[in-house]
Amino acid sequence: MFALVDCNNFYASCERVFRPDLNGKPIVVLSNNDGCVIARSNEAKALGVPMGAPAFQYTDLFKKNNIHVFSSNFALYGDMSNRVMTILNEMAPEIEIYSIDEAFLRFTGSQNLNLQDIGQKIKNRVQKSTGIPVSVGFAPTKALAKVANKIAKKFPERTSGVYIIDNEEKRLKALKWLPVEDVWGIGRQHTKRLNKLGIKNAYEFSQLSDTWIKKNMSVLGLRLKKDLFGIPTLEIEDLKSKKSIATTRTFDKNYKDFEQIKERVVTFAVTCSEKLRKQKSQCNSILIFLHTNWHRKDLPQYIKNIVVKLPYPTNSAIELAKFAVIGLKKIFIQGYEYKKAGVIVIDFTPEEQEQMALFEKQDERHKKIMKTMDNLNDKFGNHKIKLAAQDLKRRWKMNQEKLSPRYTTKIDEIILIHC
DNA sequence: TCTGGGGTCCTAGGGCGA
DNA sequence: TCTGTCGCCCTAGGACCC
């Protein structure tokens, strides 16, 4: 039996843990740069704030309804997520952390287990220890556990936040209830195609022929169909190293100047290098991209990316910055107004695997420098030590007007209780 | 004026050697 | 020697997830 434990309105709930005065009040959390809505409390959903809504179009609605707006605070959410996952890890024999706010658990020998009781215990313990409300769905497959979780979340009064699909009657009832666009693995494009055929819910999808599904939705669609029938095709997966690491940002304004963009791209490359070193990988290629603002139809548009193959695998900030600038020079065209750029490192090899490069070799001193850089940044806070090409005066700043304190990860932002 | 960021997997199609 | 075919590898792009 699988369980899917999902935190309710996770980012909004994190903000509420430290602002209990906001319980029962509408909250939204905005994306980086305060761009669009990425999380909503139930109250904000009820007021009609859609997911992904551009913040500037909703300022009036926010004001009128006293909706509390937060800039995203990923230091806080990441730390709260770790706390939740640590508890879940203690409560199940097998766990797969699927995303920042959800995890699959696996229970074996479930005919002898009281799943309702286990679900309630998980829910209560996470709530008590972290303040985060969760919903739990149990089912014989991952896709059905997702469905069960949706039911638990949608009907908290009737389910107490825990729902179990453990017989055919419940399975069919659940699939007939679930709109096809809400099925895990069916996105916008597939929904359009399915709707054209008159398919409206998960049950109708499960009745489609394998041939149609394979042709239109690839083997992933077929796997999904089986999973919805209760035949497991997806297992608990071990924590894997990433296959690509990206650092990309939308700018606060349009940039025209090469030097400004170069500074951003170097910083993105440095961040990628840190993430690479953390998972003990080196990359063999680096992708750099540039975008103008596609919302500004009145301005000329330009989108370009380039993959730079490295002469040797590396995770040195100095090397990656160097190659990122080489790539940027090749795609940058003067005259456009750029709104977004990014660096993605790809094609990894393990750090310990030394490759014999035929002609060129990484400067051995870099390893020592990077180690020192990481140590100093660990000690004095992230990104205190920079490369000279980066913005040392920090002129560049993300819009984060409504940022909450980093309550759990910064000692000087911790909550004070005055007695 | 202001519209996120970070991932994964699969397929089609082209290049290329056997 | 030329051409067709097969399979492998690679890449771009599309789909999905949170």
Side-chain angles (χ1 to χ4, degrees), chain A residues 4 6-11 28-39 49-60 62 69-74 77-78 81 96-104 142-143 146 149 180-194 213-224 233-234 237 239-254 268 271-272 275 279 284-285 287 289 291-299 303-307 309 337 339-348 398-402:
Chain A
L4 177 67
D6 192 318
C7 301
N8 302 347
N9 313 323
F10 182 55
Y11 298 165
V28 298
V29 178
L30 304 182
S31 62
N32 274 346
N33 232 5
D34 289 350
C36 44
V37 174
I38 56 168
V49 183
M51 189 63 162
F56 74 94
Q57 285 175 2
Y58 284 81
T59 37
D60 285 348
F62 294 160
V69 181
F70 289 92
S71 300
S72 44
N73 185 344
F74 287 106
Y77 312 149
S81 171
E96 173 190 342
I97 298 171
Y98 180 70
S99 72
I100 193 163
D101 73 333
E102 62 190 292
F104 285 104
K142 279 178 154 185
K146 274 263 185 192
N149 187 286
V180 73
E181 62 266 31
D182 290 344
V183 176
W184 186 39
I186 296 182
R188 254 192 307 231
Q189 301 306 316
H190 290 330
T191 299
K192 257 193 233 164
R193 232 173 276 164
L194 289 163
I213 293 179
K214 172 79 169 59
K215 185 162 172 269
N216 292 280
M217 300 174 67
S218 85
V219 292
L220 295 176
L222 277 184
R223 261 182 237 160
L224 174 63
T233 59
L234 306 163
E237 287 181 19
L239 196 62
K240 284 188 226 136
S241 292
K242 287 179 183 136
K243 295 176 177 174
S244 69
I245 290 172
T247 308
T248 72
R249 290 288 178 281
T250 301
F251 305 141
D252 53 337
K253 52 181 189 287
N254 291 349
F268 299 158
T271 306
C272 283
K275 295 178 187 171
Q279 72 159 36
N284 290 277
S285 300
L287 181 150
F289 73 79
H291 281 205
T292 48
N293 186 349
W294 64 279
H295 295 288
R296 293 287 302 271
K297 306 290 183 211
D298 54 318
L299 294 176
I303 297 179
K304 188 86 179 164
N305 73 60
I306 187 169
V307 175
K309 289 238 180 228
E337 298 196 18
K339 181 65 177 169
K340 184 173 180 174
V343 170
I344 304 173
V345 286
I346 45 182
D347 190 7
F348 296 167
M398 190 155 63
N399 288 328
Q400 281 189 310
E401 281 183 21
K402 316 275 187 183

[Y] and [X] aromatic ring geometry - parallel, tilted or perpendicular at 30°/60° bounds:
X: A:Tyr98; Y: A:Trp184; answer: perpendicular
X: A:Phe251; Y: A:Phe268; answer: parallel
X: A:Tyr77; Y: A:Phe74; answer: perpendicular

Need two values: the first and the last nucleotide of DNA chain B, 5' to 3', having an atom under 4.0 Å from any heavy-atom of chain A. B:dT1 to B:dT11

Residue met sooner reading DNA chain B from 5', once A:Val219 and A:Cys36 are mapped to nucleotides: A:Cys36

DNA chain B: A:Gln57 or A:Ile245, which has the more 5' nearest nucleotide? A:Gln57

Test salt bridge (Lys or Arg N to Asp or Glu O under 4.0 Å) applied to [X] - qualifying residues, sequence neighbours left out:
X: A:Arg296; answer: A:Asp298
X: A:Glu181; answer: none
X: A:Asp347; answer: none
X: A:Lys215; answer: none

Gap in Å between the two [atom1] atoms, one belonging to [N] and one to [M], rounded:
N: C:dC17; M: B:dC2; atom1: P; result: 30 Å
N: B:dG15; M: C:dG4; atom1: C1'; result: 16 Å
N: C:dC16; M: B:dT3; atom1: P; result: 25 Å

For nucleotides 9-18 of chain C, just jot down a letter per nucleotide in 5' to 3' order: B, S or -, based on protein non-hydrogen atoms under 4.0 Å. --S---SSSS

When we call it a touch if two heavy atoms are under 4.0 Å apart, what does [X] touch: a base, just sugar-phosphate, or nothing?
X: A:Lys215; value: nothing
X: A:Asn293; value: sugar-phosphate
X: A:Thr59; value: nothing
X: A:Lys253; value: nothing

Do A:Glu337 and A:Lys253 meet the salt-bridge criterion of a basic N to acidic O distance under 4.0 Å? no

Side chains of A:Phe70 and A:Asp34: does their closest heavy-atom pair fall under 4.5 Å? no

